[in-house]
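For reference, the structure discussed in these notes is given below.
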Amino acid sequence: MPKQTIPFSDFLAAAGDQHAEFIYQLHAYLQENGCTTEIKEAASGYVVSYMHKPTKRTVANYVFRKKAPQLRVYADHVLSYADTLAAWPESMKNTIRKGGTCKRLIDPAACNGRCLLGFDFILDGERQQKCRYHTSFTFPLDEETKPYLFEIMQHELEARQM
């Protein structure tokens, strides 16, 4: 059976009117900067993934938690823009702090060898070693987070272009 393509408009409608403008603007920005989009259905809603064409690595994806969309950022280059995180709201910094520790950064034998390393950076003077697949960089969409989420996506794509 052929793979069914899910229209972006279906995801946009499911995300809700309060998020539509932000999601559409970020979607356009990511596509203009070399990302392809893949939309899948999941138990809790849609999963929308953005892959950076040159690297074929995921930059971000939308996931639904409690029927609300969240943006997970794969901050591979966070070290190059970690200083910008200092200006983020405490709630967002706490999300990062609460995220799981990357076992491979602590002990390379502690995790699957094919697992990509997490993120090692300084946040407010404290070393963070976060798993790329945990919730460290997964944020709810709300009026407080949206400007910072757009900012981190800009920094991440700029770093990937180098």
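Here the CD atom belonging to Gln129 is positioned 4.5 Å from the CG atom belonging to Asp120, to the nearest 0.5 angstrom. Considering CG of Leu85 and CD of Gln128, their distance stands at 9.5 Å, rounded to 0.5 Å. To the nearest 0.5 angstrom, Tyr50 atom OH is 5.0 Å from Thr37 atom OG1. From Tyr62, atom OH reaches atom CG of Leu141 across 6.0 Å, with rounding to the nearest 0.5 Å. Atom CZ of Arg57 is separated from atom NE2 of His52 by 11.5 Å, given to the nearest 0.5 angstrom. Remark: Asn61 CG to Lys40 NZ distance equals 10.0 Å, nearest 0.5 Å.
When every heavy atom of Pro89 is checked against every heavy atom of Glu144, the shortest pair comes out as CB-OE2, 3.3 Å. Looking at every heavy atom in both residues, Gly118 comes nearest to Cys102 through N-SG, 3.3 Å. Listed here is the closest heavy atom pair of Cys35 and Leu157: SG-CD2, 3.9 Å. Residue Tyr81 comes nearest to Ala75 through the heavy atom pair OH-CB, 3.4 Å, listed as atom of the first residue, atom of the second, then distance. Contact between Gly100 and His134 at its shortest, heavy atoms only, is N-ND1, 2.8 Å. The nearest pair of heavy atoms linking Gly113 to Arg104 is O-NH1, 3.7 Å.
Using modelled atom types, one finds a donor on one side chain and an acceptor on the other under 3.5 Å when comparing Thr145 with Asp142. No side-chain donor from either of Glu151 and Thr84 sits under 3.5 Å from a side-chain acceptor of the other.
One hydrophobic cluster, built from ILVMFWY side chains closer than 4.5 Å, holds both Val73 and Met92. Residues Tyr24 and Ile39 share a single hydrophobic cluster, defined by chaining ILVMFWY side chains whose heavy atoms lie under 4.5 Å apart. When hydrophobic clusters are built by joining Ile, Leu, Val, Met, Phe, Trp and Tyr residues whose side-chain heavy atoms come closer than 4.5 Å, directly or via intermediates, Ile122 is not grouped with Leu79. Note on Val47: it does not cluster hydrophobically with Met51, by side-chain heavy-atom contacts below 4.5 Å among ILVMFWY residues. Transitive grouping of hydrophobic side chains (ILVMFWY, heavy atoms separated by less than 4.5 Å) brings Phe8 and Phe150 into a common cluster.
Side-chain contact between Ile96 and Trp88 is present, with at least one heavy-atom pair separated by less than 4.5 Å. Cys131 places none of its side-chain heavy atoms less than 4.5 Å from the side chain of Lys103. Taking 4.5 Å as the limit, every side-chain heavy atom of Val78 sits out of range of all side-chain heavy atoms of Glu156.
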Review point. Should Arg160 and Glu158 be marked as a salt bridge (charged side-chain N to carboxylate O under 4.0 Å, His left out) after you check the CA-CA gap, both sets of side-chain angles, and the distance that decides it?
Key: CA-CA 5 Å; Arg160 288 180 188 225; Glu158 286 170 13; over 6 Å; no

Review point. Lys146 and His19: side-chain contact (heavy atoms from CB on, under 4.5 Å), yes or no, with the steps?
Key: CA-CA 9 Å; Lys146 288 174 185 175; His19 304 302; 3.3 Å; yes

**Study point:** Verdict with supporting geometry, Arg65 and Ser44, side-chain contact (heavy atoms from CB on, under 4.5 Å)
**Key:** CA-CA 7 Å; Arg65 299 291 184 259; Ser44 59; 4.2 Å; yes

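When hydrophobic side chains of Ile, Leu, Val, Met, Phe, Trp and Tyr are connected at separations under 4.5 Å, Leu117 ends up clustered with Leu105. Leu116 belongs to a hydrophobic cluster whose other members, connected by ILVMFWY side-chain contacts under 4.5 Å either directly or through intermediates, are Tyr74, Tyr133.
Counting non-hydrogen atoms of other residues, nucleotides and ligands closer than 6.0 Å to CG of Asp17 gives a total of 12 or fewer. Within a 6.0 Å radius of CD in Glu21, other residues, nucleotides and ligands contribute 12 heavy atoms or fewer.
Using a distance-only test at 3.5 Å, with no hydrogens or angles considered, a donor-acceptor pair links the side chain of Lys130 to the main chain of Arg97. Checked by atom type and distance alone, the side chain of Asp10 never pairs as donor or acceptor with a backbone atom of Ile6 at under 3.5 Å. Lys93 places a side-chain N or O within 3.5 Å of a backbone atom of Ala86 that can act as its donor or acceptor partner.
Every residue meeting the side chain to side chain contact (heavy atoms under 4.5 Å, CB included) condition with Ala14, not counting sequence neighbours, appears here in chain and number order: Tyr46, Phe64.
For the pairing with Phe137, the side-chain contact (heavy atoms from CB on, under 4.5 Å) check across Thr95, Leu149, Ile152 returns one residue only, Ile152.
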